[in-house]
Amino acid sequence: QVQLVESGGGSVQAGGSLSLSCVASGYTYVGWFRQAPGKEREWVASIHAAAGVTVYADSMKGRFTISQDNAKNAVYLQVNSLKPEDTAMYYCAACRFGCSWYRASDARTYNYWGQGTQVTVSS
């Protein structure tokens with residue numbers, strides 16, 4: 001089975017920062033999602049591999065930054081000023097076929113998913 005490799009999660013105090021990494025190459029676009037306890041999966045942001053264009057969920061704008069390093073075949077999610085409500089399992093996902101950039105916010109357009117990396121923010 002094809003899976004994405006993620007890393008970078010951990011436990012931090014409120015106000016801290018984390019950088020999450022995802023090894024991904026050969027995809028049309030890559031996105032980050034998160035799921036907190038008792039809540040549904042939530043889209044965070046996506047990046048178009050070829051164009052380098054990024055798009056964010058309205059609620060994620062400001063503190064979240066998605067980027068890529070093609071030389072390292074990596075996609076990153078930088079999260080600043082972390083809050084307790086950011087506590088969640090963060091997932092990297094990628095689309096390789098049947099992709100539609102304008103629907104990158106839709107989890108159904110992604111073909112491959114990582115195992116998730118836990119982010120825990122304490123007050």
Side-chain angles (χ1 to χ4, degrees):
Q1 292 181 314
V2 178
Q3 286 190 310
L4 305 179
V5 180
E6 305 166 338
S7 63
S11 299
V12 298
Q13 291 188 329
S17 300
L18 283 174
S19 181
L20 310 181
S21 301
C22 175
V23 178
S25 65
Y27 301 103
T28 300
Y29 52 80
V30 179
W32 285 94
F33 295 79
R34 71 180 187 183
Q35 186 166 26
K39 296 184 178 180
E40 295 186 350
R41 182 174 54 194
E42 183 179 32
W43 175 62
V44 176
S46 298
I47 184 167
H48 193 287
V53 177
T54 61
V55 61
Y56 298 85
D58 289 338
S59 61
M60 305 298 174
K61 295 179 180 177
R63 299 186 297 112
F64 294 78
T65 302
I66 188 170
S67 62
Q68 66 181 2
D69 185 336
N70 292 328
K72 297 181 179 180
N73 295 321
V75 174
Y76 306 97
L77 181 68
Q78 176 71 34
V79 189
N80 299 321
S81 302
L82 282 162
K83 305 175 181 179
E85 49 262 45
D86 293 321
T87 295
M89 184 71 74
Y90 284 72
Y91 298 92
C92 179
C95 182
R96 191 174 68 185
F97 52 87
C99 309
S100 182
W101 174 243
Y102 73 93
R103 296 188 65 81
S105 62
D106 189 344
R108 294 174 296 181
T109 69
Y110 295 84
N111 311 125
Y112 306 102
W113 293 79
Q115 77 289 343
T117 183
Q118 179 68 38
V119 171
T120 302
V121 185
S122 60
S123 60

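Because the structure is predicted, anything quoted here is derived from the model rather than measured. Numbers for residues simply follow the sequence, beginning at 1.
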Please check if the side chain of [X] supplies one atom and the backbone of [Y] the other of a donor-acceptor pair under 3.5 Å.
| X | Y | result |
| --- | --- | --- |
| Gln35 | Met89 | no |
| Thr117 | Gly9 | yes |
| Asp86 | Val119 | no |

Within the structure provided, determine whether Glu85 and Val121 are in side-chain contact (heavy-atom separation under 4.5 Å).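 No, every pair of side-chain atoms sits at 4.5 Å or beyond.
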Distance from [X] atom [atom1] to [Y] atom [atom2], nearest 0.5 Å?
| X | Y | atom1 | atom2 | result |
| --- | --- | --- | --- | --- |
| Ser46 | Asp106 | OG | CG | 10.5 Å |
| Leu77 | Ser19 | CG | OG | 7.5 Å |
| Tyr91 | Arg34 | OH | CZ | 13.0 Å |
| Tyr56 | Thr65 | OH | OG1 | 4.5 Å |

Using the rule given for side chain to side chain contact (heavy atoms under 4.5 Å, CB included), can you reason through Ser21 versus Lys72, listing the C-alpha separation, both sets of side-chain angles and the distance that settles it, and then say yes or no? CA-CA 11 Å; Ser21 301; Lys72 297 181 179 180; over 6 Å; no
Check [X] against [Y] and note the closest heavy-atom contact, atom names and distance.
| X | Y | answer |
| --- | --- | --- |
| Val30 | Ala94 | CG2-CB, 4.1 Å |
| Val53 | Trp101 | O-CH2, 3.5 Å |
| Ile66 | Thr54 | CG2-CG2, 3.6 Å |
| Ser123 | Pro84 | CB-CG, 4.1 Å |
| Ala88 | Gln118 | O-NE2, 3.4 Å |
| Asn73 | Ser25 | OD1-CB, 3.4 Å |

How far apart are the C-alpha atoms of Thr28 and His48, what are their side-chain angles, what is the distance that settles it, and do they pass the side chain to side chain contact (heavy atoms under 4.5 Å, CB included) test? CA-CA 6 Å; Thr28 300; His48 193 287; 4.0 Å; yes
Could you point out which residue of Tyr110, Phe64, Tyr90 forms a ring-ring contact (aromatic ring centres under 6.0 Å, His included) with Phe33? Tyr110
Decide side chain to side chain contact (heavy atoms under 4.5 Å, CB included) for Trp32 and Cys92; before the verdict, give the C-alpha distance in whole Å, the side-chain angles of both, and the deciding distance to 0.1 Å. CA-CA 5 Å; Trp32 285 94; Cys92 179; 4.0 Å; yes
